[in-house]
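This report refers to the structure that appears directly beneath it.
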Amino acid sequence: MKKFFSQGVIVLAVFGVASVSYADENLNKVTAPTLQTNKKTMTMVYVGNSTTPAKVTLDTGSSMLVLEKQYLSNARADLSGKTVSMGYGNGAMMVHGQIVYTDVTLNTTPKITAVNVPVLMVPDGTFSDRAGIMGVEMNNQTSVWRHLPAPYNEMMVVNGPDSTVSFGELSRDEVNQFAVYQLNEGRCNNTVQPEAAYAGIACWATRKIPVTYTFKSADGEVVFDAQYNTVFDTGGVLTHFYLQPVPDAVAELTQGQTFNGKLGMRLESNNAGVINLPATDNIKVFVSKRNEVNSGYRIFYEKTVLFDARDGVVGFK
C-alpha cells in the first residue's frame, strides 16, 4: 500500500523468470501472534535493546519499516542525512522522516533478530494507534524480513484464521497444500542502497498478479467483469481499484462512493486451477495510470497466505 518519494533513491533492476524447488525437510520456522484490528494485520517487534514491544502493521504492500522516533533511541543515523517521504493509501496518508539503522527483533517463539535494518524514523505522534508500519513486500532487498537470518528470510505465512504469522522454510508437503501462483522477477524497489550481503537477493513482481474481478449489483446483475494486476496487501483496508481509463460501469465510484453490491475475485493458480478469493464488502475506484488493484484486508482474515521470497511464489489455502 505504499508509494514513496525521496531524495537520492537508489533503485536496482533485475529481470528474469523464476523456477520453483522446495526442500523435502521441514526446516526451522518461528511463529508470532498477530492482532486483527482496525481492518489491519498487526504484530509486535522489539527495536534495538528495548524490552518494550512496539505494535506495527504487518504490511505486504510496502517495503520498509517506518517507526516513530520514541522507539529508536539506540538507532544509528545515516550519515548522509537522507530524508524520505512515503505515501500510504494512494497518498491519503503521508509520512516524512530520516533514515536510521537499528536491530529489530520479532515477537516470535523463539525470537529472531534482523541486524542493522534501515528504518524510516518519523516524528512521535505520526501514528495514533501503533508504533509504525513494517513493510515486508517481496519487491525489495532492504525490509526487516529480508534482513532476517536464513531460513527465516525465505518464506512467510500469514494465517488469518489462527491470527499468526510464521517465518522460515516450509516442507514440500506444506507448500503443496497451497494453491500457488508463480511470480516473475522484477525491479527492486529499494528505498536505500542495500548492503552487499543482500544485493543479490531476488526481487519479485508482487504487483503483477492477474486477478479477475466480477461486480454484481444487489439484485445479482453482473455489472463488471475484468482482469487486473493485483497486490495482496495485509495493510489494505477496502479493495481499491486504481484504473485509467475507468470502465463506465464503475465510473461513478471515482467520486468517493463505495460499491455496495457483491465483488468476486478469482485467480488462475499454477497447480489448482481457478480459485475464488474473498474481497472486502465495499470497494473504491481511483483514476490512476497504475492500473492495479489492492486486495484489501479480508483475504488475510479468512485465508492462510504464503509469501515465498526465495522462489517467488504466493499461495492461498
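No experiment lies behind these values; they were computed from the predicted model shown.
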Under 3.5 Å, is there a donor-acceptor pair between the side chain of [X] and the main chain of [Y]?
| X | Y | answer |
| --- | --- | --- |
| N190 | V192 | no |
| N294 | G61 | no |
| D124 | Q70 | yes |
| H147 | W145 | no |
| W204 | A309 | yes |
| T142 | P194 | no |
| D248 | A251 | no |
| T164 | P33 | no |
| T34 | S163 | yes |
| R146 | Y198 | no |

Could you measure the distance from the [atom1] atom of [X] to the [atom2] atom of [Y]? Nearest 0.5 Å is fine.
| X | Y | atom1 | atom2 | result |
| --- | --- | --- | --- | --- |
| L58 | K55 | CG | NZ | 14.0 Å |
| K284 | Y242 | NZ | OH | 10.0 Å |
| L183 | F307 | CG | CZ | 9.5 Å |
| M121 | T83 | CE | OG1 | 11.5 Å |
| M64 | L67 | CE | CG | 10.0 Å |
| Q141 | N153 | CD | CG | 12.0 Å |

Heavy atoms, side chains only, cut-off 4.5 Å: are [X] and [Y] in contact?
| X | Y | answer |
| --- | --- | --- |
| V246 | V285 | yes |
| I133 | S62 | yes |
| V231 | S295 | no |
| M134 | T57 | no |
| Y228 | P210 | no |
| L148 | L106 | yes |
| V293 | T239 | yes |
| F178 | T304 | yes |

Exercise for review: Indicate if V100 and Y71 have the same hydrophobic cluster label, given that clusters are the connected sets of ILVMFWY residues with side-chain heavy-atom separations under 4.5 angstrom.
Suggested key: no
Practice item. Kindly work out whether a path of hydrophobic side-chain contacts (I/L/V/M/F/W/Y, heavy atoms less than 4.5 Å apart) joins F224 to V222. Key: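 Different clusters: F224 never reaches V222 through Ile, Leu, Val, Met, Phe, Trp or Tyr contacts under 4.5 Å.
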Taking only residues two or more places apart in sequence, or in another chain, which ones meet [X] in a side chain to side chain donor-acceptor pair (under 3.5 Å)?
| X | result |
| --- | --- |
| K317 | Q177 |
| D78 | S80 |
| T43 | none |
| N107 | Y46 |

**Study point:** R207 and E137 ion-paired at < 4.0 Å
**Key:** yes
Review point. So, are E174 and K29 salt-bridged, with charged N and O less than 4.0 Å apart?
Key: yes
Review point. Hydrophobic clusters join Ile, Leu, Val, Met, Phe, Trp and Tyr when side-chain heavy atoms are under 4.5 Å apart, directly or via other members; which others share one with Y297?
Key: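 When side chains under 4.5 Å apart are linked, the cluster holding Y297 also contains Y301.
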Check your understanding: Does L35 sit in a hydrophobic cluster with other residues, and if so which ones, taking ILVMFWY side chains as linked at heavy-atom separations under 4.5 Å, directly or through other members?
Key ->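 Result for L35 is M42, M44.
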Exercise for review: Report the residues that fulfil salt bridge (Lys or Arg N to Asp or Glu O under 4.0 Å) with D225, sequence neighbours left out, ordered by chain and then residue number.
Suggested key: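 Checked D225 against salt bridge (Lys or Arg N to Asp or Glu O under 4.0 Å); matches are R266.
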Practice item. Sequence neighbours left out, what passes salt bridge (Lys or Arg N to Asp or Glu O under 4.0 Å) with E68? Give chain and number order. Key: none
Practice item. Carefully, step by step, assess K40 and R130 under the rule side chain to side chain contact (heavy atoms under 4.5 Å, CB included). Key: CA-CA 11 Å; K40 297 179 178 68; R130 53 199 152 142; 3.9 Å; yes
Practice item. Only one of N271, V314, D311 passes side chain to side chain contact (heavy atoms under 4.5 Å, CB included) with V180; say which it is. Key: N271
Practice item. Quickly, which of V56, V84, D59, V122 forms a side chain to side chain contact (heavy atoms under 4.5 Å, CB included) with V66? Name it, please. Key: V122
Which heavy atom in [X] sits nearest to a heavy atom in [Y], and how many Å separate them?
| X | Y | result |
| --- | --- | --- |
| G135 | S143 | O-CB, 3.3 Å |
| M265 | A279 | SD-CB, 3.3 Å |
| R187 | C203 | O-CB, 4.1 Å |
| T31 | S166 | OG1-OG, 2.8 Å |

Check your understanding: Checking side chain to side chain contact (heavy atoms under 4.5 Å, CB included) for the pair Y181/L267: CA distance, chi angles, key distance, verdict?
Key -> CA-CA 8 Å; Y181 182 82; L267 170 68; 4.2 Å; yes
Review point. Are the ring centres of F316 and F232 closer than 6.0 Å?
Key: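 When the ring centroids of F316 and F232 are compared, they turn out to be within the sub-6.0 Å range.
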Practice item. Determine, using ring centers only, whether F167 and Y152 are less than 6.0 Å apart. Key: no
Side-chain polar contacts of residues 111-120 - donor-acceptor pairs under 3.5 angstrom, sequence neighbours left out - could you list them?
residue : atom : partner : partner atom : Å
T113    : OG1  : T105    : OG1          : 2.7
N116    : OD1  : R76     : NH2          : 3.2
N116    : ND2  : E195    : OE2          : 2.6

Check your understanding: Just wondering, are more than 12 heavy atoms of other shown residues or ligands nearer than 6.0 Å to CG in D129?
Key -> yes
Exercise for review: Before giving the answer on salt bridge (Lys or Arg N to Asp or Glu O under 4.0 Å), spell out for K208 and E292 the whole-Å C-alpha distance, their side-chain angles and the decisive distance to 0.1 Å.
Suggested key: CA-CA 8 Å; K208 300 293 184 182; E292 69 178 30; over 6 Å; no
Practice item. Only counting residues at least two apart or in another chain, list the ones meeting ring pair (Phe, Tyr, Trp, His ring centres under 6.0 Å) with Y213. Key: F241
**Study point:** Any residue meeting ring pair (Phe, Tyr, Trp, His ring centres under 6.0 Å) with Y101, in chain and number order, not counting sequence neighbours
**Key:**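 If we apply the ring pair (Phe, Tyr, Trp, His ring centres under 6.0 Å) test to Y101, skipping adjacent residues, there are no hits.
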Review point. Under the salt bridge (charged side-chain N to carboxylate O under 4.0 Å, His left out) rule, what pairs show up with a residue in residues 293-306, not counting sequence neighbours?
Key: D281-R298, R298-E302
Exercise for review: Decide side chain to side chain contact (heavy atoms under 4.5 Å, CB included) for N189 and S63; before the verdict, give the C-alpha distance in whole Å, the side-chain angles of both, and the deciding distance to 0.1 Å.
Suggested key: CA-CA 7 Å; N189 186 28; S63 59; 3.8 Å; yes
